2 protein chains.
Amino acid sequence: MDSLATARFRRFARAVTAEVGALDSSFLGRGRPLGAARVLNAVGAGRTEVGEIRAYLGLDSGLMSRLLRSLEEEGLVATAPHPADARRRVASLTEAGRGEFEAYEALSDARAVALLERASHADDLLHAMDRVALVLGQEAIGIVEADPTREPARACLAAYYAELATRFPGGFDVALSFDPEAAAMVRPRGTFLLAVADGLPVGCVGLKGDGGPVAEIKRLWVDPAARGLGLARRLMRAAEAAARDLGIRTLRLDTNSALPEALALYRRSGWVEIDRFNDDPYPDLFFEKTL
Amino acid sequence: MDSLATARFRRFARAVTAEVGALDSSFLGRGRPLGAARVLNAVGAGRTEVGEIRAYLGLDSGLMSRLLRSLEEEGLVATAPHPADARRRVASLTEAGRGEFEAYEALSDARAVALLERASHADDLLHAMDRVALVLGQEAIGIVEADPTREPARACLAAYYAELATRFPGGFDVALSFDPEAAAMVRPRGTFLLAVADGLPVGCVGLKGDGGPVAEIKRLWVDPAARGLGLARRLMRAAEAAARDLGIRTLRLDTNSALPEALALYRRSGWVEIDRFNDDPYPDLFFEKTL
DNA sequence: CGACATATCTGACTAAAGTCAGGCATCATG
DNA sequence: CATGATGCCTGACTTTAGTCAGATATGTCG
């Protein structure tokens, strides 16, 4: 680790500290101390259990309790015993609390918009920010099932098709490809998995089944900002686990030699090349794996 | 500005806030409150005037005064009236203060190293961090004269040669090129300019003269993380201003068609193509501009 | 049931940060 | 050289954050 790298990191930290600090101070404009605002926002973001919020914000239990009391006195949150364990308490926003929470959200959004508008190359900047956020928070990337016909998944699929269009020599048109019907990628026939980082999708994979013992892996894609973190491998492993769970014994997939990273991954993880098994015009390589 | 962009920005802010907070709390390990540590570090970083530090840290004048007093009582800083205006005061580190400052620097460096070591793709991450820092802090990029034979400039030149080696179809070897002697890029014959962001060089340009009315622009380079911010144009403008200052009337440069961004810049800013004026094997295009 | 663990709350405290009014020396200017 | 502005300082204060030692209620397990 050379001193240039630390100097570069510290330049980054300085540049970003100013922005982060500005966000904090914009939170003070609503007449309550930062601590209370942070608790309110944690509740609004869906952290309901008091202990969970305490751990997330790193607060002492006494302080936490007082902050909750002050929010209750303001009429912004209500607390109730946890239904399954009356020692614990759960907090929730009241009507007024939801309004305050949304005001804080609007402040955050406004800051984001202001910053991105003053930056000359916003999409490029965002890509760099994605990269930083994903590498720093890579342990926080989770894999969840999702409906392939609905929003977070559709954005991933659109990004996947767009990337194929740039990488295949002759472009790519979904309409010409064998687009699997959605039901084939929904339980019980198959599944569709999303990699999610802090609420935003960063990768996907589909498992397309027909109820029998053979299924196909489809639409494996990872956001460019999240590449190199082993996410494709995690998605594939999760898809294989789901396949086993559905009683599938053999997996197949088709791919294209224009996607060398994917090929390397398949070859590394136990897939063997087989003969063409469909008439889709795009793929030129076919693989199989026995579970 | 769509909501996806703000969500991505906010994911970035969350990921980075944790790191920044960790740095702050590591600063608490030296037995003095954060406020005092921040003042000490500001003085160590070269901000000597009390008012300047106050503005930089956003402190009330009373608070600032007290923090300075506490550092004086610890024997870490000394203050004296400003030589030109006895109302103002300047602070400086004592011997002990320099030691403490270096201890804080060591803490910062250690955090940087720890973070970069735990990141899987450190150089890629650093590039993204550079991009974020440079776009966010672009107004803070300054242009200064530098000795082309000494360190910050040499790093730029090395990066420039390395880039040419990857971009020229047949590679690039400085030894085969006409490497201008250093004295030709130092006043009074010429000059060498660096673009500096927060202490680190991010671009350069040389003005090579022989004392006569004709000089050459050489070694125009901008760090990839700083491209698109108009820095090349600023460097060229500064070099032209320096040339005028040195009594130069005509500027020339040689370049290569493998560098289309540079060509576009020259054509946009009043340069006209001329015939080959040297035997350097690398350039294939030649330009001139009358000042 | 008793013993112990867990989750939150309350009261009493300290430290740090921040605010405000006024004081004092110094400077610029007519 | 009087006048007002400037830069820093001091004293008196408030707010916020954070700590710690119990108190209270509930849960777990033998």
Side-chain angles (χ1 to χ4, degrees), chain A residues 17 20-22 24-43 47-74 76-92 104, chain B residues 17 20-43 47-74 76-92:
Chain A
T17 305
V20 169
D24 274 5
S25 58
S26 81
F27 269 27
L28 289 171
R30 299 198 62 77
R32 87 183 49 79
L34 201 54
R38 298 212 301 157
V39 171
L40 179 67
N41 278 286
V43 177
R47 284 174 218 271
T48 53
E49 293 200 22
V50 171
E52 184 196 0
I53 299 172
R54 246 184 37 182
Y56 172 64
L57 298 177
L59 297 175
D60 172 84
S61 77
L63 182 51
M64 175 74 205
S65 189
R66 258 178 280 271
L67 291 173
L68 262 183
R69 273 323 70 69
S70 83
L71 289 170
E72 276 187 313
E73 270 164 37
E74 276 197 89
L76 302 178
V77 312
T79 63
H82 190 287
D85 178 351
R87 291 170 303 181
R88 290 187 275 166
R89 309 215 96 206
V90 288
S92 58
Y104 281 112
Chain B
T17 305
V20 170
L23 182 58
D24 275 4
S25 58
S26 81
F27 269 26
L28 289 172
R30 299 198 61 78
R32 83 181 54 75
L34 201 54
R38 298 211 303 154
V39 171
L40 179 67
N41 278 285
V43 178
R47 284 175 219 270
T48 53
E49 293 200 23
V50 171
E52 184 195 359
I53 299 171
R54 248 185 33 186
Y56 172 63
L57 298 177
L59 298 174
D60 173 85
S61 78
L63 182 50
M64 176 73 206
S65 190
R66 259 177 279 272
L67 292 173
L68 262 183
R69 273 325 68 71
S70 84
L71 290 170
E72 276 187 312
E73 269 164 40
E74 275 196 271
L76 302 178
V77 311
T79 63
H82 190 286
D85 179 351
R87 289 171 304 182
R88 290 185 275 165
R89 308 215 96 206
V90 289
S92 58

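So that the names make sense, note that chain A is the first sequence line, chain B the second, and so on, each numbered from 1. As the structure is a computational prediction, the values presented were derived from the model and not from experiment. Atom set for the values below is all heavy atoms of this structure, side chains included, hydrogens, waters and symmetry mates excluded.
- Across all their heavy atoms, B:Leu40 and B:Val77 have their closest contact at CD1-CG1, 4.0 Å.
- Contacts between chain A and DNA chain D, taken as any atom within less than 4.0 angstrom of a protein heavy atom, begin and end at D:dT16 to D:dG27.
- The side chain to side chain contact (heavy atoms under 4.5 Å, CB included) test with A:Thr17 singles out one residue from B:Thr17, B:Asp24, B:Leu23, B:Val20, and that residue is B:Val20.
- Here A:Arg69 reaches the OP1 or OP2 of C:dT10: one of its side-chain N or O atoms lies under 4.0 Å away.
- Sorted by first then second residue, the salt bridge (charged side-chain N to carboxylate O under 4.0 Å, His left out) pairs that include residues 26-40 of chain B, not counting sequence neighbours, are B:Arg30-B:Glu100, B:Arg32-B:Glu74, B:Arg32-B:Glu100.
- Residues A:Tyr104 and A:Phe27 come closest through the heavy atom pair CE2-O, 3.5 Å.
- Smallest separation of non-hydrogen atoms from B:Glu52 and B:Thr48: OE1-N, 3.7 Å.
- Taken to the nearest 0.5 Å, the CD atom of B:Glu49 stands 11.5 Å off from the CZ atom of B:Arg54.
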Could you run down the sub-3.5 Å N/O contacts of the protein with nucleotides 14-17 of chain C?
residue : atom : partner : partner atom : Å
C:dA17  : OP1  : B:Gly35 : N            : 3.1

Listing, residues 56-67 of chain A side-chain donor-acceptor contacts under 3.5 Å, not counting sequence neighbours, or none:
residue : atom : partner : partner atom : Å
A:Asp60 : OD2  : A:Gly62 : N            : 2.7
A:Asp60 : OD2  : A:Leu63 : N            : 3.3
A:Ser65 : OG   : A:Arg69 : NH1          : 3.3

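- Between the CG atom of A:Leu59 and the P atom of C:dT8 there is a distance of 12 Å, rounded to whole Å.
- Taking CG of A:Leu76 as the reference point, atom CG of A:Leu68 lies at 11.5 Å (rounded to 0.5 Å).
- Annotation: salt bridge (Lys or Arg N to Asp or Glu O under 4.0 Å) contacts of A:Arg89 (sequence neighbours excluded): none.
- Summarising the geometry, the separation between CD on A:Glu49 and C1' on C:dC9 is reported as 17 Å, rounded to the nearest angstrom.
- Separating the CG atom of A:Asp24 from the P atom of C:dG18 is a distance of 12 Å, rounded to the nearest angstrom.
- Contact check of residues 80-92 of chain A against DNA chain D (heavy atom, cut-off under 4.0 Å) returns A:Asp85, A:Ala86, A:Arg87.
- The two atoms that bring A:Ala42 and A:Ile53 nearest to each other are CB-CG2, 4.0 Å, heavy atoms only.
- The heavy-atom pair separating B:Val90 from B:Pro81 by the smallest distance is CG2-O, 4.2 Å.
- Each of B:Met64 and A:Gly31 was assigned the nucleotide of DNA chain D with the nearest heavy atom; the assignment lying further toward the 5' end belongs to B:Met64.
- One interatomic measurement links the two molecules: CG of A:Asp60 to C1' of C:dT8, which rounds to 11 Å at whole-angstrom precision.
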